[in-house]
Amino acid sequence: MYRTPILPAILIIGFLTSMQISAQCIPDTVNCIDIGAPGQFCPDKLPDAGLAVLYDEVVTVIAPGSAPPPYEMWNIDYIEIDSVKNLPPGIDYFPNADVFFPDTSYCIQLTGTPTQTGEFKLEIHIGATIDIMGIPTKIPFLDDSSIVIRVVEVLGIDPDSHSEFQVFQNVPNPFSDKTRLACYTPVREQVELSIYNILGVLVHHESDMLAPGSHHFSFDGRKLEPGIYLYRVRTPAAGFSGRLLKSR
């Protein structure tokens, strides 16, 4: 989760009509409310990660205002993330700030391609700077958040969502030659795949009438330059956007 570099993140807003590139994540100040003592992490449950599939999620953090025992009588000036342990191998963390000030919302980008399956409960080691009789003093403590990332071998279809059209992250990602993009449709319908480069130029398009069930598009990107590409899967009633990463 937390480290000083900031990972550029691509936010797709109104895809096909406009694109926006952001230099950092954006905290969710609407749905993340501080109900903890101290501080808060949102969401409570992160989506599953797939083995060898690019993972890219945002955690919102409301920095605590008071230190843990035995320093609870002291207010926190600011906190720094010393380390995050037990991250799934292949996933790293990138905050949108170097220091977090009390009762303020921040965010951390969790991104990378997992290389090991399992359930990983994150350990967030924090250094809190408090003012003791005019002397700034840093105290270490372990945040007791319950953030867990589960890495599964295959990201399958949610059995509770069989009534909805679904799209799954392409595998492998990053890819060098070919990659597969899976989808599920509950009804017979036309499904279109469009792929764009970072400038929004269409580089691939295909469309097919799919029967109810699971399907996949096989994309050959050997002729493309390395970099980030944006995909859009669309039906008459739904649309999904995501990223493809061409490694070489």
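Because the structure is a prediction, the values reported are computed rather than measured.
L210 places a side-chain heavy atom less than 4.5 Å from the side chain of C183. The shortest distance between side-chain heavy atoms of E192 and E206 does not fall below 4.5 Å. Looking at D131 and W74, their side chains never come closer than 4.5 Å, going by heavy atoms from C-beta outward. Between V152 and T117 there is no side-chain heavy-atom pair separated by less than 4.5 Å. The closest side-chain heavy-atom distance from Y231 to V167 is below 4.5 Å. No side-chain heavy atom of H125 sits under 4.5 Å from any side-chain heavy atom of V84. Residues I108 and F94 are not in side-chain contact: their nearest non-hydrogen atoms beyond the backbone lie 4.5 Å or more apart. Using a 4.5 Å heavy-atom cutoff, the side chains of P89 and F120 are in contact.
Put simply, I139 and I126 are part of the same group of oily side chains (I, L, V, M, F, W, Y) that touch within less than 4.5 Å, one to the next.
Side chains of D208 and Q190: no donor on one and acceptor on the other come within 3.5 Å.
Across all their heavy atoms, L46 and V148 have their closest contact at CB-O, 3.9 Å. Of all the heavy atoms in R243 and N170, the pair that sits closest is O-OD1, 3.6 Å. Residue P226 comes nearest to S247 through the heavy atom pair CB-O, 3.8 Å, listed as atom of the first residue, atom of the second, then distance. Pairing each heavy atom of I91 with each of L87, the nearest pair is O-CD1, 3.8 Å. Of all the heavy atoms in R188 and P212, the pair that sits closest is N-CG, 3.7 Å. Counting all heavy atoms, side chain and backbone alike, I76 lies closest to A128 at CD1-CB, 4.0 Å.
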Working for side-chain contact (heavy atoms from CB on, under 4.5 Å), residues L245 and F175: CA-CA 6 Å; L245 181 59; F175 71 98; 5.9 Å; no
Check against side-chain contact (heavy atoms from CB on, under 4.5 Å), V203 and Y196: CA-CA 5 Å; V203 297; Y196 303 79; 5.8 Å; no
Residues F165, F240; criterion side-chain contact (heavy atoms from CB on, under 4.5 Å); working and verdict: CA-CA 9 Å; F165 180 76; F240 292 83; 3.4 Å; yes
Stepwise side-chain contact (heavy atoms from CB on, under 4.5 Å) check, V191 with F217: CA-CA 10 Å; V191 180; F217 291 98; 3.8 Å; yes
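Rounding to the nearest 0.5 Å gives a distance of 7.0 Å between CG of L110 and CG of L122. Note: L244 CG to L230 CG = 8.0 Å, rounded to the nearest 0.5 Å. How far NZ of K246 is from OG of S176: 7.0 Å, rounded to the nearest 0.5 Å. Atoms CD1 and CD1, from I198 and I228 in turn, are 5.5 Å apart once rounded to the nearest 0.5 Å. Remark: Y184 OH to E164 CD distance equals 10.5 Å, nearest 0.5 Å. To the nearest 0.5 Å, atoms CZ (R232) and OG (S241) are separated by 4.5 Å.
Residues R150 and E119 are not paired through a salt bridge, judged by the lack of any N-O separation under 4.0 Å between the basic side chain and the carboxylate. Salt bridge status for D77 with K138: absent, with no side-chain N to carboxylate O gap under 4.0 Å.
Within the 3.5 Å criterion, the main-chain N or O of P172 finds a donor-acceptor partner in the side chain of T179. Side-chain atoms of S105 do not come within 3.5 Å of backbone N or O of T29 as any donor-acceptor pair. Looking at N86, its side chain does come within 3.5 Å of a backbone N or O of K121 through a donor-acceptor pair. When atom types are taken as modelled, the side chain of Y106 and the backbone of F101 share a donor-acceptor pair closer than 3.5 angstrom. Between the side chain of T185 and the backbone N or O of V187 there is at least one donor-acceptor pair closer than 3.5 Å. Remark: side-chain polar atoms of T129 are not paired, donor with acceptor, to backbone N or O of G127 under 3.5 angstrom. Formation of a donor-acceptor pair under 3.5 Å by the T104 side chain with backbone atoms of P102 is found in this model. Between the side chain of Y229 and the backbone N or O of L224 there is no donor-acceptor pair closer than 3.5 Å.
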